Amino acid sequence: MADDRTVEASVPHIVIVGAGFGGLEAARGLADAPVRITIVDQRNHHLFQPLLYQVATATLATSEIAWPVRHLVRRQKNVTTLLGSVVGVNTQAKQVVLDGEEPIAFDTLILATGARHAYFGHDEWEPYAPGLKTLEDATKIRRRILAAFEQAEWETDPAERDKFLTFVIVGAGPTGVELAGTIAELARDTLRDEFRNFDTRSARVVLIEAGPRILSSFSEDLSDYAQRALTRLGVEVKLGHAVSKCGEGGVELGGEFLPAKTIIWAAGVAASPAAEWLHVPADRAGRVLVEPDLTAPGHPDIFVIGDAAHVESADGKLVPGVAPAAKQEGQYVARRIMERLRGRNPGERFAYKNAGNLATIGKRAAIVDFGWIKLKGRLAWWMWGVAHIFFLIGLRNRLAVAMNWLWIYISGQRSARLITQGKTTKGGI
């Protein structure tokens with residue numbers, strides 16, 4: 001009888017780096033394949049990033065939008081999950097290089113490593129203007145927002161109090177717009193009457209966008225509606241202004257200095273260093289310029305998907321870095337691998353099916369663009385909510401989030417207003 005390790009070694013080994021939407025879909029698509037799968041991620045949880053801003057603004061708890069990776073793949077016996085940090089790929093030896101661990105050999109590699117914040121050459125701004133990509137980012141931002149109100153309660157100098165009550169969001173894509181609207185509602189609705197030395201409704205929320213309009217991926221009429229909705233919430237929208245300086249005391253734009261103690265960066269992203277690991281061409285954001293079948297140029301056994309990949313549709317348009325696109329790419333790669341295992345090599349390229357664009361502005365307004373239909377207002381908000389609940393994992397999470405949103409919709413109250421991490425006393429923002 002053959003040794004079990006010999007049999008195991010003869011089975012193709014698929015290594016998936018990253019347990020996001022794309023990586024998990026690829027693993028699930030290979031559930032019945034005669035392969036060994038190793039998922040490597042530097043965190044032990046899968047994160048539903050589209051709702052990360054709701055953790056940052058005290059709407060949802062971390063456990064409602066994240067799930068342990070091991071639990072999600074526990075029934076898939078051909079999957080091993082490893083907690084580790086990948087630092088490179090040895091393409092000649094076909095090994096994934098990890099920090100502090102032995103390399104992992106692969107027959108096929110799927111890089112689904114996501115993206116990080118991009119400060120356009122000013123990485124020194126990050127300590128003053130954190131971005132929003134991880135649970136750690138979200139809880140840090142939540143602490144800064146809530147602590148700012150606490151500091152304002154102590155402050156006796158009106159000018160200094162105004163700094164604590166000024167919240168600046170840089171970048172008016174969906175994340176920036178959703179953050180601005182929710183912070184405005186937090187100040188004007190949720191926290192009203194809870195402080196004695198100032199009126200929380202005096203808080204100033206400023207959304208800065210270098211381009212000519214917010215939500216540039218949407219049509220102009222929906223973008224204009226979203227801006228009007230933000231203005232009704234009390235958000236100041238500054239268009240056509242790029243931030244030139246960013247520090248502890250505020251930001252500078254258009255030659256004007258805007259004092260603020262809380263700055264949030266939502267202006268851009270840069271891909272993970274996958275292109276550097278593989279020594280292959282990349283676009284300006286660092287995304288690998290993949291082949292039509294999502295393989296890295298010159299490496300037919302290495303796929304790159306999700307935010308790490310520059311994927312173009314048949315008409316030459318860039319596939320957006322959104323969850324539905326990453327899921328479709330993961331499913332496509334799994335099918336390609338299955339066909340290879342069967343000795344076939346189909347020639348069809350990856351074809352993205354646009355699932356539409358959605359963005360919410362506060363708790364009662366949203367915009368939805370499915371191409372064939374466009375919606376705005378409360379009906380769009382309900383559709384936005386249903387779509388996001390559908391993508392959540394597990395009945396408990398769906399019910400918890402639905403009940404949270406319904407309670408907030410009716411009462412305006414948010415139950416996750418906890419200041420965690422770091423110093424929380426006076427001077428600890």
Side-chain angles (χ1 to χ4, degrees), residues 48-61 64-65 132 138 142 145 167 169 171-192 201 205 207 209 213-237 264 266 320 322-324 354-393 397-417:
F48 189 73
Q49 279 196 347
L51 292 181
L52 196 56
Y53 82 95
Q54 296 213 353
V55 174
T57 52
T59 300
L60 297 177
E64 291 170 335
I65 65 164
L132 187 58
R142 182 179 66 193
I145 292 170
F167 302 88
I169 299 98
T175 297
V177 167
E178 289 165 349
L179 278 167
T182 309
I183 293 173
E185 287 185 337
L186 185 70
R188 286 157 178 75
D189 196 356
T190 305
L191 299 180
R192 187 177 60 187
R201 291 172 293 183
V205 181
L207 180 63
E209 170 56 45
R213 61 188 180 93
I214 68 172
L215 297 173
S216 59
S217 62
F218 289 81
S219 61
E220 286 194 34
D221 59 325
L222 291 180
S223 174
D224 291 342
Y225 169 81
Q227 184 170 339
R228 293 195 302 272
L230 283 175
T231 302
R232 286 195 297 270
L233 288 175
V235 177
E236 299 177 37
V237 180
I264 304 171
V322 294
N354 190 352
N357 276 342
L358 305 92
T360 182
I361 310 103
K363 66 181 182 182
R364 290 189 174 90
I367 56 176
V368 173
D369 185 356
F370 291 129
W372 54 277
I373 186 172
K374 296 177 183 178
L375 297 173
K376 55 190 177 185
R378 294 198 181 195
L379 178 60
W381 185 87
W382 284 100
M383 185 170 289
W384 173 91
V386 169
H388 282 71
I389 288 172
F390 174 78
F391 273 104
L392 291 171
I393 297 173
N397 293 88
R398 292 187 180 116
L399 289 174
V401 171
M403 292 302 295
N404 256 324
W405 286 348
L406 183 61
W407 177 250
I408 293 168
Y409 188 87
I410 295 171
S411 70
Q413 292 301 305
R414 290 168 167 81
S415 59
R417 301 200 312 272

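In this text the structure is predicted, and so the values were computed from the model without any measurement. Count residues from 1 along the sequence.
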Quick one: do Val237 and Glu209 satisfy side chain to side chain contact (heavy atoms under 4.5 Å, CB included)? Show the steps, please.
CA-CA 8 Å; Val237 180; Glu209 170 56 45; 5.8 Å; no
Leu207 to Gly171 - nearest heavy-atom pair and separation
CD1-O, 3.4 Å
So which atom in Val235 and which in Ala184 form the shortest heavy-atom distance, rounded to 0.1 Å?
CG2-CB, 3.8 Å
Kindly indicate, with the supporting measurements, whether the criterion side chain to side chain contact (heavy atoms under 4.5 Å, CB included) is fulfilled by Leu60 and Val401.
CA-CA 7 Å; Leu60 297 177; Val401 171; 4.2 Å; yes
Closest approach of Trp384 to Ala366 (non-hydrogen atoms, all atoms of both residues)
CB-CB, 4.2 Å
Are the side chains of Leu233 and Ile361 in contact, using a 4.5 Å heavy-atom criterion?
yes
Roughly how far apart are Thr190 OG1 and Ile183 CD1, rounded to 0.5 Å?
12.0 Å
Using every non-hydrogen atom in the two residues, find where Ala61 and Val55 come nearest and quote the distance to one decimal.
O-CG2, 3.9 Å
Could you pull out the closest heavy-atom pair between Ala56 and Leu132, with the gap in Å?
CB-CD1, 4.1 Å
So, taking the atom named CG in Asn357 and the one named OG in Ser219, what distance separates them when rounded to the nearest 0.5 Å?
9.5 Å
Which heavy atom of Ile367 sits nearest to which heavy atom of Ala226, and what is that distance?
CD1-CB, 4.3 Å
Roughly how far apart are Phe391 CZ and Leu51 CG, rounded to 0.5 Å?
11.5 Å
Parallel, tilted or perpendicular, judged at 30° and 60°: which one describes the rings of Phe370 and Trp372?
parallel
Are Lys374 and Phe218 packed together at the side-chain level, in the sense that at least one heavy-atom pair is separated by less than 4.5 angstrom?
no
Donor-acceptor pair, Arg398 side chain versus Ile389 backbone, under 3.5 Å?
yes
Using only atom types and a distance under 3.5 Å, with no angle test, would you say the side chain of Thr360 pairs donor to acceptor with the backbone of Ala365?
yes
My understanding is that only one of Arg201, Arg364, Lys363 makes a salt bridge (charged side-chain N to carboxylate O under 4.0 Å, His left out) with Asp189; could you say which?
Lys363
Can you tell me how far apart CD (Glu178) and CG (Leu52) are? Round to the nearest 0.5 Å.
11.0 Å
Hey, could you give me the CD1/CG distance between Ile214 and Leu230, rounded to the nearest 0.5 Å?
5.0 Å
Just how far is it from atom CZ of Phe167 to atom CG of Leu179, taken to the nearest 0.5 Å?
12.0 Å
Measuring only between side-chain heavy atoms, which start at C-beta, is Gln54 closer than 4.5 Å to Ile65?
no
Run the numbers on Thr59 and Tyr53 for side chain to side chain contact (heavy atoms under 4.5 Å, CB included), then give the verdict.
CA-CA 9 Å; Thr59 300; Tyr53 82 95; over 6 Å; no
Note, Leu186 side chain near Leu191 side chain (heavy atom, < 4.5 Å):
yes
